[in-house]
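The chains referred to below are lettered A, B, ... by the order of the sequence lines, with proteins before strands, and numbering in each begins at 1. Keep in mind the model is a prediction, meaning the values are calculated, not measured.
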2 protein chains.
Amino acid sequence: MSDEIDRLALANQICFAAYSASHAFARRYKPLLAVLGVTYPQYLCLLVLWERDGLSVKEIGQRLLLDSGTLTPLLKRLEAIGLLVRRRDRADERVVRISLTERGRALRATAEAIPPAVMQATGCSVAELGALRDGLLALRDNLLAEVEDEAG
Amino acid sequence: MSDEIDRLALANQICFAAYSASHAFARRYKPLLAVLGVTYPQYLCLLVLWERDGLSVKEIGQRLLLDSGTLTPLLKRLEAIGLLVRRRDRADERVVRISLTERGRALRATAEAIPPAVMQATGCSVAELGALRDGLLALRDNLLAEVEDEAG
DNA sequence: AAAAATTAAATAGTACACAAGTTAAAATTC
DNA sequence: GAATTTTAACTTGTGTACTATTTAATTTTT
């Protein structure tokens with residue numbers, strides 16, 4: 001009769017596992033990122049820009065799955081602390097291009113120390129982390145695909 | 001030679017995977033929770049209270065890994081829409097106990113339909129979801145344990 | 001080429017999250 | 001048993017996220 005697990009039990013919720021793991025990462029990153037003077041979402045923007053500089057707000061949003069409502073103020077803060085500059089694209093004035101400053105680029109070297117510290121803190125093997133990552137990305141893409149199906 | 005670099009990238013990828021999967025869940029839940037008239041974090045509180053009513057703010061926070069700075073305003077909103085009541089504990093006036101109203105309890109029946117819909121949307125098997133959940137919870141607990149070691 | 005539609009950012013408003021500090025009550029110490 | 005410490009919740013301030021709306025620039029249609 002109670003083969004049926006309690007689907008509303010918190011412990012059974014994959015979404016709570018993702019939610020709380022994501023927050024745990026943020027807390028773990030916080031003291032490490034304090035050295036750089038940035039928050040976790042700001043760090044994500046830097047990761048994207050270190051990979052390819054001069055992206056538009058929209059392109060950054062596509063990589064991080066965030067919209068301009070979130071990114072505009074965030075990028076303004078990064079500009080205010082001198083890590084990047086925001087400039088309208090000459091060829092298309094609707095577009096704002098984000099370019100790292102010298103300081104923004106230089107920060108990359110300091111940031112190299114962060115990932116190994118976090119990986120060590122997870123207490124997981126490389127194989128486990130890889131499997132977890134792949135599972136999460138597949139799950140995430142399925143969730144988002146269904147959301148878009150409905151919109152379209 | 002570039003084993004090292006791959007590992008560094010992985011650390012960023014696993015946390016971004018958790019971060020973006022968590023947001024994808026929130027977006028997926030949104031239309032489902034709109035029927036209940038609550039947000040995702042509010043829904044988490046209801047899950048906890050459906051499991052055991054009359055918990056203190058602190059006890060809810062321990063289950064959800066949230067502090068009173070987050071919970072107090074959230075619980076006030078749930079009280080404002082008539083799903084619960086907040087009352088000082090007679091025996092210990094520091095403690096605020098949260099009790100579901102009749103409407104708050106009744107909402108559970110409606111909520112039963114949500115987890116299967118979300119599970120289906122993940123496109124993952126029950127076994128996959130279970131493995132993912134367990135991996136995430138283990139990872140999360142490792143991350144938080146290290147944070148506390150430093151504090152203590 | 002003027003009108004209509006689309007697009008990219010920005011803005012306004014709501015709701016988390018979290019750190020730091022406050023207040024009031026209870027437990028501990030002396 | 002008064003003074004100190006601890007505890008629980010609240011409050012304040014900063015920074016995401018997201019919806020919906022607005023503005024300005026570009027495309028597309030006609």
Side-chain angles (χ1 to χ4, degrees), chain A residues 15-16 18-31 33-34 36-46 55-62 64-81 86-98 144 147 151, chain B residues 16 18-31 33-34 37-46 55-62 64-81 86-98 144 147 151:
Chain A
C15 61
F16 177 64
Y19 168 91
S20 57
S22 175
H23 287 148
F25 268 119
R27 281 175 219 168
R28 221 337 161 168
Y29 267 101
K30 189 155 216 215
L33 293 175
L36 308 190
V38 300
T39 65
Y40 180 65
Q42 289 169 6
Y43 169 71
L44 289 179
C45 283
L46 292 178
L55 291 173
S56 69
V57 173
K58 184 186 174 63
E59 288 167 330
I60 295 174
Q62 285 168 339
L64 299 181
L65 305 177
L66 296 172
D67 68 4
S68 73
T70 300
L71 287 174
T72 295
L74 190 159
L75 292 168
K76 283 184 176 176
R77 283 181 205 110
L78 288 175
E79 184 175 44
I81 60 177
R86 300 157 59 251
R87 263 190 307 257
R88 291 275 163 189
D89 187 314
R90 198 75 62 75
D92 185 342
E93 290 277 345
R94 291 173 302 182
V95 173
V96 169
R97 299 222 160 266
I98 309 299
L144 294 179
V147 169
Chain B
F16 178 64
Y19 169 90
S20 57
S22 176
H23 287 147
F25 267 120
R27 283 174 217 169
R28 204 27 168 131
Y29 266 101
K30 189 155 218 221
L33 293 175
V38 299
T39 65
Y40 180 65
Q42 288 169 6
Y43 169 70
L44 288 179
C45 282
L46 291 178
L55 291 172
S56 67
V57 173
K58 183 186 176 63
E59 288 166 331
I60 295 174
Q62 286 168 337
L64 299 182
L65 305 177
L66 296 172
D67 68 2
S68 72
T70 300
L71 287 173
T72 295
L74 190 158
L75 292 168
K76 282 184 176 176
R77 282 177 210 114
L78 288 175
E79 185 175 42
I81 60 176
R86 301 158 59 251
R87 264 189 308 255
R88 291 275 163 188
D89 187 313
R90 198 75 62 75
D92 184 343
E93 289 279 344
R94 291 172 303 182
V95 173
V96 168
R97 300 223 159 264
I98 310 298
L144 294 179
V147 170

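Within 4.0 Å of B:Leu74, counting heavy atoms only, lie sugar-phosphate atoms of the nucleic acid but no base atom. At the heavy-atom level, A:Ala91 lies under 4.0 Å from the strands shown only through sugar-phosphate atoms.
Heavy-atom nearest nucleotides on DNA chain D were determined for A:Asp92 and for A:Thr39, and the one closer to the 5' end corresponds to A:Thr39. Both B:Thr70 and A:Leu65 sit near DNA chain D, but only B:Thr70 has its closest nucleotide nearer the 5' end. When each of A:Tyr19 and A:Lys58 is assigned the nucleotide of DNA chain C bearing its nearest heavy atom, the one mapping closer to the 5' terminus is A:Lys58.
The side chain of B:Gln42 has C:dA15 as its nearest neighbour among C:dA15, D:dC10, C:dA8. Between C:dA8, C:dA9, C:dC18, one nucleotide has an atom nearer to the side chain of B:Leu66 than all others, and that is C:dC18.
Using bins of under 30°, 30° to 60° and over 60° for the plane-to-plane angle, the ring pair A:His23/A:Tyr19 lands in the perpendicular bin.
Spacing between atom OH of A:Tyr43 and atom P of D:dT16 amounts to 15 Å, rounded to whole angstrom units. One atom, NE2 of B:His23, and another, C1' of D:dG15, lie 12 Å apart when rounded to the nearest Å. Between A:Arg88 atom CZ and D:dA24 atom P the separation is 10 Å, expressed in whole Å. One atom, CG of B:Leu55, and another, C1' of D:dA8, lie 15 Å apart when rounded to the nearest Å. Rounded to a whole Å, the CG atom of A:Leu78 is 11 Å from the P atom of D:dG15.
Residue B:Arg27 places at least one side-chain N or O closer than 4.0 Å to OP1 or OP2 of D:dC18. One finds a side-chain N or O of B:Arg86 lying less than 4.0 angstrom from the OP1 or OP2 phosphate oxygen of D:dC10. A sub-4.0 Å separation between OP1 or OP2 of C:dA9 and a side-chain N or O of A:Ser68 is absent. Not one side-chain nitrogen or oxygen of B:Tyr40 sits closer than 4.0 Å to the OP1 or OP2 atom of D:dC18. The side chain of A:Thr72 places an N or O atom within less than 4.0 Å of a non-bridging phosphate oxygen (OP1 or OP2) of C:dA10. Taking 4.0 angstrom as the limit, B:Arg77 places a side-chain polar atom (N or O) nearer than this to OP1 or OP2 of C:dC16. Note on A:Lys76: a side-chain N or O is less than 4.0 Å away from OP1 or OP2 of C:dT11.
A distance-only check finds no donor-acceptor pair linking the side chain of A:Arg97 to the backbone of A:Arg86 [under 3.5 Å].
A salt bridge does not link A:Glu79 with A:Arg87: every distance from a Lys NZ or Arg NE/NH1/NH2 to an Asp or Glu carboxylate oxygen is 4.0 Å or more.
Within the model, atoms CG of A:Leu65 and OG1 of A:Thr70 stand 11.5 Å from one another, a figure rounded to the nearest 0.5 Å.
Here the side chains of B:Leu71 and B:Cys45 are in contact, with some heavy-atom distance below 4.5 Å.
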